[in-house]
Amino acid sequence: MADNRTYAHPYIPNTVPEVRDAMLKEIGLTSMDQLHDAIPESLKLNREMNLPPAMNEYELRRHIDGLLAKNKHGADYLNFLGAGCWQHFIPAVCDEINQRSEFVTAYAGEPYEDHGRFQALFEYQSLLAELVDMDVVNVPTFDWAQAASTAIRMAGRITGRKTALLPRSVDPDKAAIIRNYCTPVMEIQYVEIDPVSGRIDLNDLRSKLSNDIAAVYFENPGYLGIIEDQGAEISELAHGANAVSIVGVDPISLGVLEPPGRYGADIICGDLQPLGMHMNYGGGQAGFIATRDEEKYVMEYPSRLFGIVPTEAEGEYGFGDVAYERTSFALREKGKESVGTQTALWGITAGVYLSLLGPVGMQEVGGTIIQKSHYAAKQLAEVPGVSLRFSGAFFKEFVVDFNETGLSVAEINQRLMEEGIFGGKDLSSAYPEWGQCALYCVTEIHTQGDLDRLVEALGSIVSTSSYGS
């Protein structure tokens, strides 16, 4: 905004001229333009923006609705996409609770309605701690990638070391975030995976463990769907080098898979999205971190933790921050990490989901997913020219190999879309050495009819390709 403006903008705060001038004076400036002195002149527009005439509210609504109508989503198509954002059944009560004004309006919770938010988050932490078999769970981070990054940096501070090991099978996008988040203080190195099973190559892991390694990070199930049944041995190797074992996990798998704490994990992280959150483009993600209740771990959390304590009134308890002084909210620029706004709303949603299902429900949904995903994989592997890329056990995702069909994954997915089906995620760019492979996801929402429809459509596509002819 130019300095000669004499009115306050209705949507931009602190633009009343007197307020603006007082703020500039406080920081020793005389012009708003001085705030941008560090930006090179070549990057500044230095002219008025050529914007179309402003729309009224009704016109803007129609314009935005028209743009959104161009999108295609999982409710319109039979969807087999996953890769970090999965389509699960969402109980209606999850949406009912997370839209309550006490929860949905609170930016970080403090200044607005806060009736029961601390208790709701404490209950979420307790339920998730039971699921992952750990003691302490944080208020959610933005997503799994940030949770993994923070867990690795926690390990770096605990050990005083600067290098972490990641398997080559970690989602390339997640790995890029981890590398970016850790780069100021830590280095990331890769461990190869077995080309047949998709599991971590233990010999390569052994060769890369040293006194410089702060943490070994692996996922179970991993990005490629593989169940890492070598978890105990991986953790033992990490501990043998005095490194921290960090396991990333899809929490909806823990009704049927052993929690990572049972096979040596020191820090557990993952994404809450499967626990009551709709698929969103750019939202609906929330990462969690869990550890044992030991001071060396608890004091390295940068994020908020909620606990329960007795009050002055006998028999009365309250909920609030644990060791608030360790957070960047208290330490500001001297904090170990800057946390910023966290996704507390999704923690409450996950708590609602977990309380609804309980242990038996989590076991049922996990068992259902495994049955359906294995049925789909078996049927797909019987389509001529189609096979499974890895022999290792998997949970809800698996890699399908189309190299023998004579078709690219992009061509297959385009043909499937014409049939009203979203096929698997194309892995050919991220893993070019595998050729034409795709990551398919099957969950409890898919019926046998859905799976048979996919197999039939793929069979028809392949039969009319160069392979079939």
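All values reported here derive from a predicted model rather than from experimental measurement.
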Residues 449-459 side chain polar contacts: donor-acceptor under 3.5 Å, at least two apart:
unit_1	atom_1	unit_2	atom_2	d
Asp450	OD1	Thr447	OG1	3.4
Asp450	OD2	Thr447	N	2.9
Asp450	OD2	Thr447	OG1	3.2
Asp452	OD1	Tyr375	OH	2.6
Arg453	NH2	Glu419	O	2.8

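- Under the 3.5 Å distance criterion, the side-chain polar atoms of Lys208 are matched with a main-chain donor or acceptor of Tyr190.
- In this structure, the side chain of Asp401 does not engage the main chain of Cys437 through any donor-acceptor pair within 3.5 Å.
- Annotation: Glu418, atom CD; neighbour count of heavy atoms from other residues, nucleotides and ligands within 6.0 Å is above 12.
- Taking the six-membered ring for Trp and the full ring otherwise, Phe122 and Phe306 have centroids separated by 6.0 Å or more.
- With a 4.5 Å cut-off on side-chain heavy atoms, Leu356 and Val93 count as touching.
- We find that Glu187 and Arg161 are not joined by a salt bridge, their nearest charged nitrogen and carboxylate oxygen being 4.0 Å or further apart.
- A salt bridge is absent between Glu444 and Lys372: the closest approach of a Lys/Arg side-chain nitrogen to an acidic carboxylate oxygen does not fall below 4.0 angstrom.
- Atom OG1 of residue Thr291 and atom CG of residue Leu305 lie 8.0 Å apart, to the nearest 0.5 angstrom.
- Donor-acceptor pairing under 3.5 Å is recorded for the side chains of Asn220 and Tyr263.
- Although no hydrogens or angles enter the test, the distance criterion places no donor-acceptor pair under 3.5 Å between the side chain of Arg199 and the main chain of Ile226.
- Rounded to the nearest 0.5 angstrom, Ile227 CD1 and Glu219 CD are separated by 14.0 Å.
- The pair Arg292-Asp135 does not count as a salt bridge, with every side-chain nitrogen at least 4.0 angstrom from each carboxylate oxygen.
- Other residues, nucleotides and ligands contribute at most 12 non-hydrogen atoms within 6.0 Å of the CZ atom of Arg61.
- For the pair Tyr223 and Lys174, the minimum side-chain heavy-atom distance is 4.5 Å or more.
- Remark: side-chain polar atoms of Asn180 are not paired, donor with acceptor, to backbone N or O of Ala176 under 3.5 angstrom.
- Between Asp133 and Arg262 there is a salt bridge, with a side-chain nitrogen of the basic residue lying less than 4.0 Å from a carboxylate oxygen of the acidic one.
- Salt-bridge annotation for Glu433 and Arg168: absent, with no side-chain N of the basic residue lying under 4.0 Å from a carboxylate O of the acidic one.
- Aromatic rings of Trp346 and Tyr353 (six-membered ring for Trp) have centroids beyond the 6.0 Å cut-off, not under it.
- Between the side chains of Thr349 and Tyr124, no donor N or O sits under 3.5 Å from an acceptor N or O.
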What pairs of donor and acceptor atoms, side-chain ones from residues 249-258 against any protein atom, are under 3.5 angstrom apart with sequence neighbours left out?
unit_1	atom_1	unit_2	atom_2	d
Asp250	OD1	Ile252	N	3.2
Asp250	OD2	Lys396	NZ	2.6
Ser253	OG	Asp250	O	2.7

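- Annotation for Glu192: atom CD counts as buried by contact number, over 12 foreign heavy atoms lying within 6.0 Å.
- With contacts defined as side-chain heavy-atom distances shorter than 4.5 Å, the pair Ile369/Phe395 qualifies.
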Worked check of side chain to side chain donor-acceptor pair (under 3.5 Å) between Glu337 and Thr150: CA-CA 8 Å; Glu337 293 177 41; Thr150 290; 3.0 Å; yes
Donor-acceptor contacts under 3.5 Å from residues 309-320 side chains, at least two apart:
unit_1	atom_1	unit_2	atom_2	d
Thr311	OG1	Ala313	N	3.3
Thr311	OG1	Ala313	O	3.4
Thr311	OG1	Glu316	O	3.1
Thr311	OG1	Glu316	OE1	3.1

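- For the atom pair CD1 (Ile348) and CG (Asn98), the distance works out to 8.5 Å, reported to the nearest 0.5 Å.
- Classification of the Tyr77-Phe422 ring pair by plane angle, with boundaries at 30° and 60°, yields parallel.
- No donor-acceptor pair closer than 3.5 Å links the side chain of Ser235 to the backbone N or O of Ala232.
- Looking at Arg415 and Glu411, no side-chain N of the basic residue comes within less than 4.0 Å of a carboxylate O on the acidic one, giving no salt bridge.
- By the 30° and 60° cut-offs, the orientation of the rings of Tyr440 relative to Phe80 is tilted.
- Side-chain atoms of Gln436 and Asn403 form no donor-acceptor pair, as typed in the model, at a separation below 3.5 Å.
- Between Lys425 and Glu397 no salt bridge is recorded (no basic side-chain N to carboxylate O distance below 4.0 Å).
- By the 6.0 Å contact criterion, CD on Glu236 is open, its count of non-hydrogen atoms from other residues, nucleotides or ligands being 12 or less.
- Although no hydrogens or angles enter the test, the distance criterion places no donor-acceptor pair under 3.5 Å between the side chain of Gln230 and the main chain of Ile234.
- Annotation: His374 is not in aromatic contact with Phe398 [ring centroid separation under 6.0 Å not met].
- Of the listed residues (Lys296, Met134, His239), just one forms a side-chain contact (heavy atoms from CB on, under 4.5 Å) with Asp266, and that residue is His239.
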Test log, rule side chain to side chain donor-acceptor pair (under 3.5 Å), inputs Asp95 and His278: CA-CA 9 Å; Asp95 293 333; His278 297 277; 2.8 Å; yes
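- Side-chain N/O atoms of Ser355 and Glu123 include no donor and acceptor closer than 3.5 Å.
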